[in-house]
Amino acid sequence: VSRRLLLPGLLLLAAAGGFATARGWRGPVEDRFGHDRHARLFPTCTTCHAGMAEAGAPAWPEPASCEACHDGRVEKRVDWAPRPGPRPSNLRFDHVAHARTAVTARPADSVEAGSCGACHTEPGASRMAVRPAVAARCLDCHRVAEAHLAQADSSCATCHVPLSGAAALAPAAVAAFPRPPSHDEPGFALRGHGARAPALMASGATGVVASCATCHARDFCITCHVNAPEVAAIQALAPDARSLVHEARLPVPPGHARASFLRDHGREAGPAAASCAACHTSTSCTACHAAGRPAVIAALAVAGPGRGPGAHIARTRPASHTPLFVEGHGPEASARPASCSACHARTECLDCHRPGPGAAGDYHPAGFLVRHPSSAYGRDANCSDCHNPAQFCQACHQQAGLAGSARRLGGVGFHDGARGFAVGHGQAARQTLESCASCHAERDCTACHSAVGGGFRFSPHGPGFNPDRLRRKNVSVCVACHGTGIPGLVP
Amino acid sequence: VRAAALALAALVVAPAAAAQSFRARIDARAQAVSFRAGTIDSVPAADVVPGPTGGPVSPAGFAVQCPGGPWCYFVRPGPERRGVPVSTSGSVVFWGLGVPGLSVHAAGRVVADAGDADVWPGSRPAVQLLEGYLELARARFTARAGRVLVASRLEPVGFDGGWGRLRWPAPDLEFTAYGGWGLGQAAAVPVTSPVLNPLDEWRPRDRQLVAGAEAAWAPGPADVRLEYRREVDPGTDYFVSERAALSFTGRPWRALRAAGGADYNLAEGHLGSADLAVSWLAGRWSVTAGGRRYRPFFSLWTLWGAFSPVPYHAVHGSAQATVTDWLALRARGERYWYDDAEASTPLVDVVDRGWRVSAGVTLTPGRGVTVDGSWLAEVGPGAASQHVEAQVALEPVAGLSVAAYGGWLERPLELRYYDAEAAWIGGRAEWRAPAGWRLWADAAWFDERRDRPDAGAVSLDQVRLRSGLSVAFGSAADRRRLPPARRGRP
């Protein structure tokens with residue numbers, strides 16, 4: 001073995017050892033007595049285990065009978081005492097009754113059926129190569145075709161009592177229960193087990209199949225099921241804290257990983273609310289649905305006694321919410337407002353889009369008051385999405401002494417940076433008309449750009465002006481400057 | 001109107017009294033500012049003398065403009081004005097009213113200016129109802145009645161009326177319709193309110209009627225919406241506006257995302273604004289490229305639309321990257337140009353194109369420590385600006401954050417002697433209590449200088465104090481804190 005492989009190999013061995021220990025595998029059952037070595041001394045099993053064939057007789061030999069040989073001279077002494085009661089088990093079994101029943105039911109095989117080796121040895125093994133009951137041989141006699149851990153529904157109850165009925169089993173013994181292969185089937189944890197668990201009882205009520213109840217109790221189900229009180233199969237199980245030694249490994253449903261899940265889950269939750277309710281409380285929804293509360297959420301349970309705590313959802317920031325998103329969220333917000341309202345309270349929108357006088361929201365950076373003229377000229381954002389041009393812009397500019405006046409256009413010293421601005425402002429006005437309107441009333445402009453009321457008849461109309469359409473839609477716009485002498489106007 | 005308001009209040013209050021669950025939030029904010037604005041003054045034309053730059057100035061050195069009459073006019077620094085705007089906003093949602101899907105929503109605000117002068121915009125009326133409606137939400141439809149604010153590509157619109165949406169899940173269709181008496185643009189009061197008319201401009205006598213409809217198709221990761229909206233003056237039946245818009249978002253492939261749309265002004269017969277942005281949103285970085293067109297919109301009860309504002313077109317790009325766990329970078333740039341205004345004169349030469357760029361960096365050197373810096377420059381018609389700012393934020397204990405910030409900017413103007421330079425420094429503290437309380441305070445000092453070559457130059461140095469309190473509370477499970485930010489079973 002190469003040295004390069006030595007260390008990884010050791011690590012692998014250590015990992016495998018750790019894994020095996022963690023899984024509870026403890027190797028072959030040890031025959032501490034050594035039945036094989038005593039085979040010639042005891043021609044029958046009942047020599048020592050008389051109680052297995054005769055009701056009321058002891059199940060184990062007296063220690064004194066062992067000391068007949070193990071006296072320290074013939075054989076070494078042994079320190080052994082029979083267990084005070086039956087071995088803790090979840091078997092529905094009595095040796096005497098079982099043997100009697102077996103002989104009665106299968107008289108042709110009465111010798112085999114009544115022998116201890118029929119259950120406690122592998123097929124073909126010697127009589128004293130005993131071990132705990134070989135499940136395959138039980139199934140063979142009971143005409144059960146499937147393997148031991150592949151039984152469906154009530155077959156388990158043939159030999160086993162429900163976990164809650166095996167009160168003597170220690171939690172460690174429960175933890176060592178073998179894992180049925182069905183539990184590793186794809187989809188078992190999510191939907192498979194739920195489809196198999198319910199059983200129709202003789203009374204007509206819904207119960208739970210014995211294959212579940214043999215190893216599990218209600219406490220185990222509650223670790224996942226928020227809707228445990230509403231699931232009849234779970235309620236059919238008795239509560240038993242020992243069932244918590246089994247770890248519930250619930251994967252995230254594959255559908256949750258879809259790119260469109262965040263968007264589609266609301267629609268899917270409607271018809272599939274029952275499946276949502278298995279894992280989600282209404283609280284887990286409100287982690288994101290801070291605003292509004294769809295009916296399907298209101299219908300979900302709140303975590304409490306008898307229910308699982310539910311999946312906790314992280315309020316994660318969508319990928320689209322980059323640091324620059326605030327400047328460009330408009331198109332998405334207008335196209336898909338429901339997506340926004342899932343996480344954002346309405347007041348968060350109103351803080352910016354309907355700002356109060358003391359709000360001073362975080363949208364604009366500090367010092368924006370000084371910078372706002374350049375930002376407004378370029379319309380990086382649409383000011384009127386949030387600010388009423390009259391209530392906000394004109395009112396403030398008026399307070400600041402910046403509001404215009406028609407007859408003093410160019411006379412208030414405001415447009416003093418450009419000489420002749422009064423007669424050359426057309427291009428600037430058409431490029432940034434909203435900025436003009438933030439200080440000027442319309443009459444400031446119609447003083448010159450009007451055909452009535454003393455105006456100078458300077459036409460303000462430029463590229464793209466469509467007089468016919470405007471006249472059809474609202475002729476008062478035309479009348480304001482042209483009077484009623486408009487071609488085609490019916491007085 | 002009063003009867004309608006009372007009926008609405010009764011509709012809101014009556015079911016709310018029987019509600020089993022509610023969620024409410026109250027925000028109280030105040031700030032104190034003072035500024036010294038300009039005020040118009042005049043001098044006899046005969047007193048005007050040539051100034052140092054050759055233009056006419058007053059004997060006191062103020063640049064004046066003389067329209068040809070006996071007086072010349074100028075702007076001088078006015079008296080100091082103090083404003084203390086305060087507002088308290090409240091929003092509440094009631095549900096569990098006995099009817100599945102029925103809820104009551106309301107959001108309003110009480111505002112005032114507690115200063116010695118009523119200087120702050122938006123301080124009237126004192127009570128403003130932003131939203132207040134009954135909602136009935138079922139799997140196939142949602143209906144609202146009351147004061148509704150609708151967000152859409154055609155700008156948010158508020159009205160007193162009804163709103164309804166039908167859904168057909170199988171073909172992924174939605175149809176929305178709404179209508180009512182409209183509110184002013186970006187306001188909680190109708191356009192007939194005096195508070196929307198500070199310049200004593202002409203206003204319509206009646207509130208406009210708003211009606212709109214929207215059809216949406218949302219197959220898988222895409223969403224396409226077509227909207228139509230009209231506003232009509234009920235007194236004359238003339239259109240106040242009539243527009244249509246198309247918008248879409250979609251994720252056509254992997255991390256590729258596209259969003260865009262356009263609106264068309266049916267009343268005036270021209271294309272309005274439009275935009276398209278395509279992004280690649282990877283885990284730790286993203287890039288966006290796009291273009292847009294912007295054309296201002298004016299209602300037809302104003303004359304502004306007849307002045308033929310011209311649109312501008314822009315291309316832009318941006319990128320952001322989380323380089324390491326402690327370093328994130330971002331940058332954005334845009335170039336834009338106007339259509340020909342067909343109004344240029346040799347007397348005034350106005351540029352018809354501009355650009356803006358910005359960049360930023362965020363450092364997270366330790367847990368609860370954030371350092372952020374940014375730079376922005378923009379040059380365009382009428383104005384330009386350049387500014388840098390930085391902030392250091394700490395979270396010494398859970399729920400408490402403190403930050404210090406500062407910045408500097410310069411802002412030259414093209415058409416005015418009003419260039420400005422400003423520097424500021426400030427601090428902010430915020431405390432988020434577990435019970436849903438949030439208390440914050442902010443203080444900043446602004447050092448501002450106006451660069452004018454005459455006596456009209458003023459200094460707008462100021463100290464600005466702001467504070468706020470937010471309280472969120474509710475019934476049942478909502479009273480508890482939101483679950484911790486984690487995924488998976490506990």
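Below, read A as the first sequence line, B as the second, and so on, with proteins coming before strands; counting in each chain starts at 1.
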Student: Output the option from A306(B), A444(B), S286(B), S385(B) having the highest count of non-hydrogen pairs under 4.5 Å with chain A.
Tutor: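 Sorted descending by pairs with chain A, the first entry is A306(B).
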
Student: So for A384(B), is it side chain, backbone, both, or neither that comes closer than 4.5 Å to the heavy atoms of chain A?
Tutor: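 Backbone only.
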
Student: If you count heavy-atom pairs within less than 4.5 Å of chain A, which of D352(B), V350(B), V379(B) leads?
Tutor: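 The residue among D352(B), V350(B), V379(B) with the greatest pair count is V350(B).
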
Student: Which residue out of P156(B), A267(B), S103(B), G184(B) racks up the most heavy-atom pairs below 4.5 Å with chain A?
Tutor: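 Maximum pair count with chain A is reached by A267(B).
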
Student: Could you tell me the separation between the CZ atom of F368(A) and the NE2 atom of H387(B), rounded to the nearest 0.5 Å?
Tutor: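 F368(A) CZ to H387(B) NE2: 9.5 Å, rounded to 0.5 Å.
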
Student: So what's closer than 4.5 Å to chain B heavy atoms on H387(A): side chain, backbone, both or neither?
Tutor: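 Interface part for H387(A): backbone (N, CA, C, O).
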
Student: I'd like to verify something: which residue of G464(A), G462(A), C478(A) has the highest number of heavy-atom pairs under 4.5 Å with chain B?
Tutor: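 The option with the most such pairs is G462(A).
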
Student: Mind ranking L409(B), L303(B), L281(B), T302(B) by heavy-atom pairs under 4.5 Å with chain A and telling me who comes out on top?
Tutor: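 Highest number of pairs under 4.5 Å: L303(B).
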
Student: So, do T432(A) and Y338(B) sit near enough that their side-chain heavy atoms are less than 4.5 Å apart?
Tutor: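 Yes, their side chains come closer than 4.5 Å.
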
Student: At a heavy-atom separation under 4.5 Å, does W304(B) approach chain A through its side chain, its backbone, both, or neither?
Tutor: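 Both the backbone and the side chain of W304(B) come within 4.5 Å of chain A.
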
Student: Between N382(A) and Y294(B), does a side chain to side chain contact (heavy atoms under 4.5 Å, CB included) hold up when you go through it step by step?
Tutor: CA-CA 9 Å; N382(A) 190 2; Y294(B) 179 76; 3.3 Å; yes

Student: Among C393(A), S476(A), G424(A), P463(A), which residue has the highest count of heavy-atom pairs closer than 4.5 Å to chain B?
Tutor: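 Of C393(A), S476(A), G424(A), P463(A), P463(A) has the most heavy-atom pairs under 4.5 Å with chain B.
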
Student: Can you say whether F307(B) sits under 4.5 Å from chain A via the side chain, the backbone, both, or neither, judging by heavy atoms?
Tutor: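 For F307(B), heavy atoms of backbone and side chain both lie under 4.5 Å from chain A.
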
Student: Working to the nearest 0.5 angstrom, can you tell me the gap between E201(B) CD and H440(A) NE2?
Tutor: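 Here the rounded value is 12.0 Å.
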
Student: At a 4.5 Å cut-off on heavy atoms, which part of S435(A) comes close to chain B: side chain, backbone, both, or neither?
Tutor: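 Neither part; nothing is under 4.5 Å.
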
Student: Do you know which of H353(A), H449(A), H461(A) has the most heavy-atom pairs with chain B at a distance under 4.5 angstrom?
Tutor: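 Heavy-atom pairs under 4.5 Å are most numerous for H461(A).
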
Student: Would you mind checking which part of L196(B) comes under 4.5 Å of any heavy atom in chain A, side chain (CB onward), backbone (N, CA, C, O), both or neither?
Tutor: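 Both backbone and side chain of L196(B) come within 4.5 Å of chain A.
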
Student: Under a 4.5 Å heavy-atom cut-off, does chain A meet the side chain of L130(B), its backbone, both or neither?
Tutor: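 The side chain, not the backbone.
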
Student: Walk me through whether V475(A) and T236(B) qualify under side chain to side chain contact (heavy atoms under 4.5 Å, CB included).
Tutor: CA-CA 10 Å; V475(A) 73; T236(B) 61; over 6 Å; no

Student: Out of E268(B), E155(B), R25(B), R356(B), return the one with the most heavy atom pairs under 4.5 angstrom to chain A.
Tutor: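 It is R356(B).
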
Student: Look at A187(B), S91(B), A112(B) and state which one has the largest set of heavy-atom pairs under 4.5 Å with chain A.
Tutor: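 With the most close heavy-atom pairs to chain A, the winner is A187(B).
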
Student: Taking side chain as C-beta onward, heavy atoms only, is F298(B) less than 4.5 Å from E434(A)?
Tutor: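 A side-chain contact exists here, since the closest heavy-atom pair is under 4.5 Å.
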
Student: Roughly how far, to the nearest 0.5 Å, is the CG atom of L199(B) from the CZ atom of R443(A)?
Tutor: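 Going from the CZ atom of R443(A) to the CG atom of L199(B) covers 6.5 Å.
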
Student: How far apart are the closest heavy atoms of A341(B) and R430(A), and which atoms are they?
Tutor: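 Residues A341(B) and R430(A), closest heavy atoms: O-NH1, 2.7 Å.
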
Student: Can you check side chain to side chain contact (heavy atoms under 4.5 Å, CB included) on L350(A) and L149(B), steps first, answer last?
Tutor: CA-CA 10 Å; L350(A) 297 175; L149(B) 180 63; 3.4 Å; yes

Student: With a 4.5 Å heavy-atom cut-off, do N474(A) and D233(B) have their side chains touching?
Tutor: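 No, too far: nothing below the 4.5 Å cut-off.
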
Student: Does A282(B) have any side chain to side chain contact (heavy atoms under 4.5 Å, CB included) partners at least two apart in sequence or in another chain, and if so, which?
Tutor: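 In terms of side chain to side chain contact (heavy atoms under 4.5 Å, CB included), with neighbours along the sequence ignored, A282(B) is linked to W280(B), W285(B).
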
Student: Taking N388(A) for its side chain and A186(B) for its backbone only, find out whether a donor-acceptor pair lies under 3.5 Å.
Tutor: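 Flag not set: sc N388(A) to bb A186(B) has no pair under 3.5 Å.
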
Student: What part of E342(B) gets closer than 4.5 Å to chain A, counting heavy atoms only: side chain, backbone, both or neither?
Tutor: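 Interface part for E342(B): both.
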
Student: For the residue pair A395(A) and P198(B), what are the closest heavy atoms and their distance?
Tutor: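 Minimum heavy-atom contact is N-CG, 3.7 Å.
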
Student: In terms of heavy-atom proximity below 4.5 Å to chain B, should C481(A) be classed as side chain, backbone, both, or neither?
Tutor: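 Contact with chain B is through the side chain of C481(A) alone.
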
Student: Give, as side chain, backbone, both or neither, the part of P467(A) having an atom under 4.5 angstrom from any heavy atom of chain B.
Tutor: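 Neither part.
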
Student: Is it the side chain or the backbone of S89(B) that comes within 4.5 Å of chain A heavy atoms, both, or neither?
Tutor: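 Answer is neither: S89(B) stays 4.5 Å or more from chain A.
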
Student: To the nearest 0.5 Å, what is the distance between CD on Q394(A) and CG on D200(B)?
Tutor: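 Spacing of CD (Q394(A)) from CG (D200(B)) equals 11.0 Å.
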
Student: Quick one: are Q431(A) and V310(B) in side-chain contact, heavy atoms under 4.5 Å?
Tutor: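 Counting from C-beta outward, Q431(A) and V310(B) do come under 4.5 Å.
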
Student: Taking side chain as C-beta onward, heavy atoms only, is R379(A) less than 4.5 Å from P296(B)?
Tutor: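 They are not in side-chain contact.
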
Student: Does Y377(A) reach the main-chain N or O of G382(B) with its side chain, forming a donor-acceptor pair under 3.5 Å?
Tutor: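 Pair absent, no side-chain N/O of Y377(A) close to backbone of G382(B).
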
Student: Please answer whether the main-chain N or O of W202(B) pairs with a side-chain N or O of E442(A) as donor and acceptor at a distance below 3.5 Å.
Tutor: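 Flag not set: sc E442(A) to bb W202(B) has no pair under 3.5 Å.
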
Student: Highest number of heavy-atom pairs under 4.5 Å with chain B: which of A390(A), C386(A), A428(A)?
Tutor: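 It is A390(A).
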
Student: Taking R109(B) for the side chain and R354(A) for the main chain, is one N or O donor matched with an acceptor at less than 3.5 Å?
Tutor: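 Yes, the answer is positive, given that a donor and an acceptor are paired below the 3.5 Å cut-off.
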
